[in-house]
Engineer: 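Right, I'll just put the structure down here and ask away after.
Chain A is the first sequence line, chain B the second, and so forth, proteins listed ahead of strands; every chain is numbered from 1. None of these values were measured; they are calculated from a predicted model.
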Number of protein chains: 2
Amino acid sequence: MVRNMVLTTSEIDKLLDNAKLRHTKQRAQLAKMLFKAENRHFTAEQLHKEARTAGHTISLATIYNTLHQFRSAGLLRQVIVEPGKVYFDTNTEPHHHFYIEDDGELLDVERNEVKISTLPEIPKNCNIREMDVIIRLRKK
Amino acid sequence: MVRNMVLTTSEIDKLLDNAKLRHTKQRAQLAKMLFKAENRHFTAEQLHKEARTAGHTISLATIYNTLHQFRSAGLLRQVIVEPGKVYFDTNTEPHHHFYIEDDGELLDVERNEVKISTLPEIPKNCNIREMDVIIRLRKK
DNA sequence: AAGGTTTTTAGAACCATTCTAAAAAAGAAA
DNA sequence: TTTCTTTTTTAGAATGGTTCTAAAAACCTT
């Protein structure tokens, strides 16, 4: 999908169709907020606040439900960098992260910016599902 | 510190001295449980259960207090791999992890088993504090 | 429009962790 | 040792992000 600006209504229809989700006002609103040109990182609470500020009426429970549905559909991924809170990431390509600990900010690191030349032997009976590199930063 | 077996009382004294912590029964018990030959990964709840099973009387609050004190003293580090729970790791050397998602098990990966040949440019005004590689596994 | 299904919602529940404030233990001084 | 002060431990309450519940609203089909 091309994402160089805000999605049109028909693009959102397509997105929800692909995700096999019914079209509802809340899902369309969230999709419109999330899937723009720029990838973003956010928590459920942040998104909730943002939606209310934008004048949408949506409950926190629906935010959580929808984020998980989007995630199952492969439209979002979770990033775990801090105890007690989950970040969501609209970038679902394999990639890595800077995490600025001072202010809890996540930044994407493209996959090819980290070259891993040696990998450990994988325990038998296991497959790699995903590999996360988190570079934790402190401000000078 | 040499850790090829259970620590002696005087080694524990030294450990607490170095950490600038007073010697108390609970801290000594936990130190004895934790700092053995093998490094280990555990949560506060797991350690609490283990201590009670070993016949020690120690509250969960003290487990948390002590783990944080040990961490500040550089004797433990935290590992964040799952939402809503924190693992502690007795291995404080720079290293990485396998995380077996099926059963929530963490395994150490030595630093030299992952060779990173290219790093992204660090955002200006920032320093690297730490770099975590988490290889998420699924059982076949 | 009616009927059956899915979605949304407010608020309760959950659970790992932190906080509180009072009791217990430790250390210092006499 | 006894007393005094400080630190530590503790049970239980509080917290905060997330999930659950069950009832109302929205949705879809006929």
Side-chain angles (χ1 to χ4, degrees), chain A residues 9 12-13 15-17 19-33 41-52 54-73 75-89 104 106, chain B residues 9 12-13 15-17 19-33 41-52 54-73 75-89 104 106:
Chain A
T9 306
I12 287 174
D13 287 347
L15 181 149
L16 292 176
D17 280 348
K20 299 202 170 60
L21 293 171
R22 280 202 187 167
H23 301 204
T24 67
K25 192 177 58 174
Q26 288 83 353
R27 286 180 185 151
Q29 286 171 342
L30 290 182
K32 201 157 202 165
M33 293 174 65
H41 304 95
F42 57 91
T43 66
E45 298 271 5
Q46 284 167 7
L47 187 63
H48 187 224
K49 196 170 287 175
E50 191 181 321
R52 308 297 284 245
H56 303 142
T57 59
I58 187 168
S59 71
L60 187 53
T62 299
I63 300 270
Y64 276 105
N65 289 341
T66 307
L67 290 179
H68 290 141
Q69 290 152 359
F70 284 178
R71 183 164 105 99
S72 301
L75 296 166
L76 291 175
R77 69 139 76 176
Q78 283 188 333
V79 185
I80 316 285
V81 285
E82 213 179 80
K85 84 169 31 165
V86 174
Y87 286 85
F88 288 84
D89 187 348
L106 272 173
Chain B
T9 306
I12 287 174
D13 287 347
L15 181 149
L16 291 176
D17 281 347
K20 298 201 170 65
L21 294 171
R22 282 201 186 168
H23 301 203
T24 68
K25 192 176 56 172
Q26 289 83 351
R27 297 211 266 237
Q29 287 171 341
L30 289 181
K32 201 158 202 164
M33 294 173 64
H41 304 95
F42 57 91
T43 65
E45 297 270 7
Q46 284 167 8
L47 187 63
H48 186 225
K49 196 170 287 178
E50 191 180 321
R52 307 297 283 247
H56 302 143
T57 59
I58 187 168
S59 71
L60 188 53
T62 299
I63 299 271
Y64 276 104
N65 290 341
T66 307
L67 290 179
H68 291 141
Q69 291 153 358
F70 284 179
R71 184 164 104 98
S72 301
L75 296 167
L76 290 176
R77 68 141 75 179
Q78 283 187 334
V79 185
I80 316 286
V81 286
E82 214 179 79
K85 82 167 35 165
V86 174
Y87 286 85
F88 288 85
D89 187 349
L106 272 174

Engineer: Tell me whether the OP1 or OP2 atom of C:dA25 has a side-chain N or O from B:Q26 closer than 4.0 Å.
Structural biologist: no
Engineer: Among B:I80, B:V79, B:L67, B:T43, exactly one meets side chain to side chain contact (heavy atoms under 4.5 Å, CB included) together with B:V86. Which residue is that?
Structural biologist: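 Of the listed residues B:I80, B:V79, B:L67, B:T43, the side chain to side chain contact (heavy atoms under 4.5 Å, CB included) partner of B:V86 is B:I80.
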Engineer: Tell me the interatomic distance from B:I63, atom CD1, to D:dT10, atom P, rounded to whole angstroms.
Structural biologist: 9 Å
Engineer: Please tell me if A:T62 has a side-chain N or O lying less than 4.0 Å from either OP1 or OP2 of C:dT9.
Structural biologist: yes
Engineer: Without decimals, in angstroms, what is the distance between A:Q29 CD and D:dA26 P?
Structural biologist: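 Taking atom P of D:dA26 as the reference, CD of A:Q29 is at 13 Å.
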Engineer: In whole angstrom, give the distance that lies between atom NE2 of B:H23 and atom C1' of D:dT7.
Structural biologist: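 In whole Å, D:dT7 C1' lies 14 Å from B:H23 NE2.
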Engineer: Just to be sure I understand the rule, does B:H68 reach a base, reach only the sugar-phosphate, or reach nothing, if contact means heavy atoms closer than 4.0 Å?
Structural biologist: sugar-phosphate
Engineer: Looking at B:R27, does any N or O in its side chain come under 4.0 Å of the phosphate oxygens OP1/OP2 on D:dT8?
Structural biologist: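 Affirmative; the distance criterion is met.
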Engineer: In whole angstrom, give the distance that lies between atom CZ of B:R22 and atom P of C:dA28.
Structural biologist: 7 Å
Engineer: Going by atom types alone, do A:H48 and A:R52 pair a side-chain donor with an acceptor below 3.5 Å?
Structural biologist: yes
Engineer: Without swapping roles, check the side chain of A:R27 against the backbone of A:R22 for a donor-acceptor pair under 3.5 Å.
Structural biologist: yes
Engineer: Give me the ring orientation class for A:F88 and A:F42: parallel if the planes are under 30° apart, tilted from 30 to 60°, perpendicular past 60°.
Structural biologist: parallel
Engineer: Closest approach to the side chain of B:L60, judged atom by atom: which nucleotide of C:dT17, D:dT10, D:dT7 is it?
Structural biologist: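 Among the listed nucleotides, the one closest to the side chain of B:L60 is C:dT17.
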Engineer: Calculate the interatomic distance between A:F42 atom CZ and D:dG17 atom P; express it in whole Å.
Structural biologist: 16 Å
Engineer: If I take atom CD1 in residue B:I80 and atom P in nucleotide D:dG17, what distance separates them, rounded to the nearest angstrom?
Structural biologist: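 B:I80 atom CD1 is separated from D:dG17 atom P by 15 Å.
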Engineer: 5'-most contact on DNA chain D: A:F88 or B:I58, nearest heavy atom basis?
Structural biologist: B:I58
Engineer: For the pair made of CG in B:L16 and P in D:dT8, what is the distance, rounded to whole Å?
Structural biologist: 11 Å
Engineer: Does A:Y64 place a side-chain N or O at less than 4.0 Å from the phosphate oxygens OP1/OP2 of D:dT19?
Structural biologist: no
Engineer: Could you state the CD-C1' distance from B:E45 to C:dC14, rounded to the nearest angstrom?
Structural biologist: 13 Å
Engineer: For A:T24 and C:dT8, is the shortest distance between a side-chain N/O and OP1 or OP2 below 4.0 Å?
Structural biologist: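 For C:dT8, OP1 or OP2 has a side-chain N or O of A:T24 closer than 4.0 Å.
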Engineer: Would you say that more than 12 heavy atoms from the other residues, nucleotides or ligands in this model lie under 6.0 Å from the CZ of A:R77, or not?
Structural biologist: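 Atom CZ in A:R77 is crowded, with more than 12 foreign heavy atoms closer than 6.0 Å.
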